[in-house]
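One structure is given below, encoded as structure tokens.
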2 protein chains.
Amino acid sequence: MSHLRYSCLMALDRDQVLRSAAALLTRKSTATMDEVAKAAGISRATLHRHFAGRDALVRALETLGIAECEAALDTARLDDGPAGEAVHRLVRALEPSGGLLAFLYTENQLFEGEEQNQGWARIDERLVGLFRRGQESGEFRIDLTPVWLAEALYGLLVSGAWAVSDGRVAGKDFTYMIVELLLGGARRAGA
Amino acid sequence: MSHLRYSCLMALDRDQVLRSAAALLTRKSTATMDEVAKAAGISRATLHRHFAGRDALVRALETLGIAECEAALDTARLDDGPAGEAVHRLVRALEPSGGLLAFLYTENQLFEGEEQNQGWARIDERLVGLFRRGQESGEFRIDLTPVWLAEALYGLLVSGAWAVSDGRVAGKDFTYMIVELLLGGARRAGA
DNA sequence: CGCAAGTGAGACATCTTTGTCTCACTTTGG
DNA sequence: CCAAAGTGAGACAAAGATGTCTCACTTGCG
């Protein structure tokens, strides 16, 4: 039964290709299939054997991004302790996926009419739930809707990922900057 | 001398086409020249008479966006009064340009290698100067760099513009949400 | 060794977008 | 009324990306 080994090996290769494609498309979202293949160190023909086409590749990246988000949401234990600390844990867990999420967030904006992947709705739900919990516990202000807070978190993740990749801010500050701005804002506490 | 009238009429038409293109590309950043032309109510041939090509159109949109930003920066009188209020005036002045800025911000991310338009550098400078002023006056915290605060403002503008255009948040809350989150954060003042 | 599977290189047709051009029609101003 | 300018519709080739296919080569395993 070489079939099992076959599919196993394929899965590994496929994942490596996917990671490499994510890394490239994060920097250049319009990269060609040929560029993606070269970046992965394989030929365009082999790339095509893994992913039926560009759409399939992007959809696979979306699935990967959703999986990483779900994993980060689990890791961050959103229901434990103060909501602010949960946000901190979440951003820290999301940091490695920042570039991929930036790509998918802007890419998703193109699918104006089409229904978005069910996975994002589920993630939105959990994120909104976290902010709502913070409001109900009196930790977060209630004049900013949970939906907006979730949206703002996405925006800050994108800004942060791009600013880091462009060298405008240091990568080590990624989590701190996002969490501090999202939770505390720019105004000095005493001011 | 019909030449003067000619150029004058052209300028008006050109500006209308530009606005319409901005409105369309804001929603669908990959729209083709044909779609842009149809959206403007003109033929593709005429569109080409106004803008040599897609690059020229995008560059013209960039120039428009820069001009609107500069105008907003002037209107907001960044050097007057508390920096926090200046930020509020700025976001309010920027609100009508939110969609266009979102388009240009994400579009600019594609020009990774190339040098960006000098105009953006000047705008960044003024924006960073505003946040620096707020820090020096003791109004803003100093553990978040002015560069990051400026970047975060861009990100929140993009998130806000998309959230409004997708109907996830109400358009009338645009300025309030962005300013309050940017300056005050999600955490309740007393918490 | 010999075979089967996977891969790389490249040819090829196709599709989309773009840029250019022509031609007929409409509008405008003298 | 007439001529000039602008416009719309469409044809056309060129360029870029994609998807498909073939063929030779390597690799791994019996």
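Only heavy atoms go into these numbers, but all of them, side chains included; no hydrogens, no water, no symmetry mates. Per chain, numbering begins at 1; letters A, B, ... match sequence-line order. This is a predicted model, so every value here is computed, not measured.
- Distance from the side chain of B:His48 is smallest for C:dT20 among the nucleotides C:dG8, D:dG8, C:dT20.
- Between A:Arg19 and A:Asp15, at least one side-chain N (NZ, or NE/NH1/NH2) sits under 4.0 Å from a carboxylate O, which counts as a salt bridge.
- Remark: P of D:dA17 and CG of A:Leu57 are 15 Å apart, rounded to the nearest angstrom.
- Here the CD1-CG distance, from B:Ile178 to B:Leu183, works out to 11.0 Å after rounding to the nearest 0.5 Å.
- Within the 4.0 Å cut-off from OP1 or OP2 of C:dT7, not a single side-chain nitrogen or oxygen of A:Ser43 is found.
- Counting to the nearest Å, the C1' atom of C:dG19 and the NE2 atom of B:His50 are 17 Å from each other.
- One interatomic measurement links the two molecules: CG of A:Asp55 to P of D:dG19, which rounds to 7 Å at whole-angstrom precision.
- For the pair B:Lys38 and B:Asp34, the salt-bridge criterion is met [side-chain N within less than 4.0 Å of a carboxylate O].
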Can you give me the N/O atom pairs linking the protein to nucleotides 10-15 of chain D at distances under 3.5 Å, or say none if there are none?
none

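- Spacing between atom CZ of B:Phe51 and atom C1' of C:dT20 amounts to 18 Å, rounded to whole angstrom units.
- Here the nucleotide nearest the side chain of B:Met33, chosen from D:dT7, C:dG19, D:dG19, is C:dG19.
- Close placement of the B:Tyr105 and A:Trp162 rings is indicated, their centers lying within 6.0 Å of each other.
- Rounded to whole angstrom, the span from the CD1 atom of A:Ile42 across to the P atom of C:dA5 amounts to 20 Å.
- Between D:dT18, C:dG19, C:dT7, one nucleotide has an atom nearer to the side chain of A:Arg54 than all others, and that is D:dT18.
- Considering NE2 of A:His48 and OG1 of A:Thr46, their distance stands at 11.5 Å, rounded to 0.5 Å.
- As judged by a 4.0 angstrom heavy-atom cut-off over every strand, A:Arg49 is placed among the base-contacting residues.
- Contact of the B:Leu153 side chain with the B:Val91 side chain is registered, since non-hydrogen atoms from C-beta on lie closer than 4.5 Å.
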